[in-house]
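Below: the structure, in structure tokens.
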Amino acid sequence: MDTPPITRLTKRSEFLACAQAPSCAKGAVVVQARARGDDDPAVRVGFTATKRIGGAVQRNRAKRRMREAARRVLPDHARPGHDYVLIARGGVITRPWDRLLDDVKTALVRLAADRPAPQIR
RNA sequence: UCAGACGGCCGGGCGGUCGCGGCCCUUCGGGGUCGAGGAAAGUCCGGGCUCCACGACGACAUGGCGGUGGGUAACGCCCACCGGGGGUGACCCCAGGGAUAGCGCCACAGAGAGCAGACCGCCCUUUUCCGCAAAGGCUUCGCAGGGCUCGCCCUCCGAAGCAGAGCGAAGGAGGGUAAGGGUGAAAGGGUGGGGUAAGAGCCCACCGGGCCGCUGGCGACAGGGGCCGCAUGGCAAGCCCCGCCAGGAGCAAGACCGAAUAGGGAUCCCGCGCGCUCGCAAGAGGGCAGGGCCGUCGCCGGCCCAGGGGUCCGGGUAGGUCGCGAGAACCGGCCGGCAACGGCCGGUCCAGAGGAAUGACCGCCGCGUCUCCGCAAGGAGGCGGCACAGAACCCGGCUUACAGGCCGUCUGAUCUC
């Protein structure tokens, strides 16, 4: 099976929809996962870093690290037809890179185990 | 060499493997190219741009600015100069218009603080008391001489005492004095001399100040002259006065396109008939007839409808496109100007934007720091050490933040010659 395309979330409404979805906090990130319920197998992902992280420089750096982590982890651990939102927590900038990857991976696995995705052809 | 003043600049570099955003090309595999800052920050001023308002004007209110002359699109910015203050100096600092337009304030301290003021001190007059006391005087006594009416008188000298002009000290009363002490942010020009009872611009010299000409300068001002002895302070970041500048909102400005759904309007087609019950009414219920759908075309049965359907127009939401980067641009040269800056010539194209592009891992080098080895030069290793910080419509400024480092000019010391 081909890996579904991964695109970015860009609309505020899409982020808000994911905010209602199940989430899992692990290490330096919080991951929200939402089954869109349409027939598109695409995986979409968005990133959030609030002002609690710091100024613009810190927030940008947090999003870049999360984006790179998602790029490494999502193709193997994301479920098709889902939207994911990664929210930065306090230590996301100083977290060692391997640990950050583990955080995202285990959060994704746990979300997939908690609620199996509806069957998608 | 050491201290310091001012101005300017950099703010990690090279490489590898995966990646990211815009644009272009593409044989759709990919390729090419560009891709954060000096502050992108704070959003404090000034503009461009856009919409709204508007008589293109004036007045008032409010806010801002405030030495002069330049620069600029403009500014509260920049440059040069002037004045004042600080520093040995290079240089630095100044909210730097008006205090005889008016109002107000000047706390505390202090005797007195805005038509000044007598606490201490100084001086004069007077008075009380005390001390000292010249020349001379008076009283008493002694001694000597002389006279005579024999008891006194006169003279010289000595002793004691008294009064005493005057001097000194203390106190009281009246007055003079702003030089001194003390208070204060500030005490009604300063310093020196004369003068005086003591003092005082009372007088004089210099400095300061005011007024009026002159000279230089575009000007702020400066220089010098004459006159005036000259009480009349500070605060205008208290109100105020004067001059100058400001219509308001901001790219979520604003322009265009515009789905689904639900409203609105126009028009066309079909239907919109009868009676009953409940209800004040709006309306609700069900019957016959009508229309639609389904089962089998119809009869018949079920369900649904009091309206249904089509076309067009308009507002408008999500969303999309534009606004949006070739400009008060940058680089180099020449010219003008002390400079800010301006002009000309040549060259370059240089991010774009949306939930927002620069990251992850690694190697080498640089810098910093720590540990160890070494007499030293140096070497080895560790670091989760390498600033402040991320364009969001765009410019010109200001302000604030910033590890470390570089360059230039100048000043004061010191050393060598």
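Protein chains get the first letters and strands the later ones, always in sequence-line order, with residue 1 at the start of each. Just so we're clear, the structure is a prediction, and the values are computed from it rather than from any experiment.
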Please determine, for [N], whether a Watson-Crick or G-U wobble partner exists with both distances under 3.5 Å, and give it or none.
{"N": "B/C383", "value": "B/G368"}
{"N": "B/G83", "value": "B/C94"}
{"N": "B/A401", "value": "none"}
{"N": "B/G11", "value": "none"}
{"N": "B/A360", "value": "B/U17"}
{"N": "B/A74", "value": "none"}
{"N": "B/G325", "value": "none"}
{"N": "B/G168", "value": "B/C130"}

Syn or anti for [N], given that syn means the glycosidic angle lies within 90° of 0?
{"N": "B/G16", "result": "anti"}
{"N": "B/G29", "result": "syn"}
{"N": "B/C300", "result": "anti"}
{"N": "B/A36", "result": "syn"}
{"N": "B/G319", "result": "anti"}

So which atom in A/Pro80 and which in A/Val43 form the shortest heavy-atom distance, rounded to 0.1 Å?
CA-CG2, 4.0 Å
A/Asp103 versus A/Thr106, closest heavy-atom pair with distance:
O-OG1, 3.2 Å
Tell me: [atom1] of [X] to [atom2] of [N], nearest whole Å?
{"X": "A/Lys63", "N": "B/U358", "atom1": "NZ", "atom2": "C1'", "result": "15 Å"}
{"X": "A/Ile53", "N": "B/A389", "atom1": "CD1", "atom2": "C1'", "result": "17 Å"}
{"X": "A/Asn60", "N": "B/G21", "atom1": "CG", "atom2": "P", "result": "15 Å"}
{"X": "A/Leu100", "N": "B/A360", "atom1": "CG", "atom2": "P", "result": "10 Å"}
{"X": "A/Gln58", "N": "B/U358", "atom1": "CD", "atom2": "P", "result": "15 Å"}
{"X": "A/Leu101", "N": "B/C18", "atom1": "CG", "atom2": "C1'", "result": "13 Å"}

What's the spacing between A/Arg64 CZ and A/Ile93 CD1 if we round to 0.5 Å?
11.0 Å
With rounding to the nearest 0.5 angstrom, report the CE to CG distance, A/Met66 to A/Leu86.
6.0 Å
Test for a donor-acceptor pair under 3.5 Å between the base of B/G19 and the side chain of A/Arg64, counting only N and O atoms.
no
Roughly how far apart, to the nearest Å, are [N] and [M] at atom [atom1]?
{"N": "B/U26", "M": "B/U33", "atom1": "C1'", "result": "15 Å"}
{"N": "B/A306", "M": "B/C288", "atom1": "C1'", "result": "15 Å"}
{"N": "B/C120", "M": "B/G171", "atom1": "P", "result": "12 Å"}
{"N": "B/G208", "M": "B/G233", "atom1": "C1'", "result": "16 Å"}
{"N": "B/A113", "M": "B/C82", "atom1": "P", "result": "45 Å"}
{"N": "B/G114", "M": "B/U232", "atom1": "C1'", "result": "8 Å"}
{"N": "B/C91", "M": "B/C119", "atom1": "C1'", "result": "50 Å"}
{"N": "B/G327", "M": "B/C49", "atom1": "C1'", "result": "14 Å"}

Is any side-chain heavy atom of A/Tyr84 closer than 4.5 Å to one of A/Arg79?
yes
4.5 Å side-chain heavy-atom contact, A/Gln32 and A/Ile87:
yes
Mapping A/Arg71 and A/Trp97 onto RNA chain B by nearest heavy atom, which one lands closer to the 5' end?
A/Arg71
Taking for each residue the nucleotide of RNA chain B with the nearest heavy atom, is it A/Ala56 or A/Arg99 whose nucleotide lies nearer the 5' end?
A/Arg99
By a 5.5 angstrom centroid cut-off and a 30 degree plane limit, is there stacking between A/Phe15 and B/G355?
yes
With a 4.0 Å limit, can you tell me whether A/Arg61 has a side-chain N or O closer than that to the phosphate oxygens OP1/OP2 of B/A360?
yes
Taking only N and O in the side chain of A/Arg67, is any of them less than 4.0 Å away from OP1 or OP2 of B/G19?
no
Ranking B/G390, B/A356, B/A360 by distance to the side chain of A/Glu68, first place goes to B/A360
Of the listed nucleotides B/C361, B/A391, B/A389, the one nearest the side chain of A/Arg65
B/C361
Cluster check A/Trp97, A/Val73: I/L/V/M/F/W/Y, side chain < 4.5 angstrom
yes
Taking the side chain from A/Arg89 and the backbone from A/Gly27, do they hold a donor-acceptor pair closer than 3.5 Å?
yes
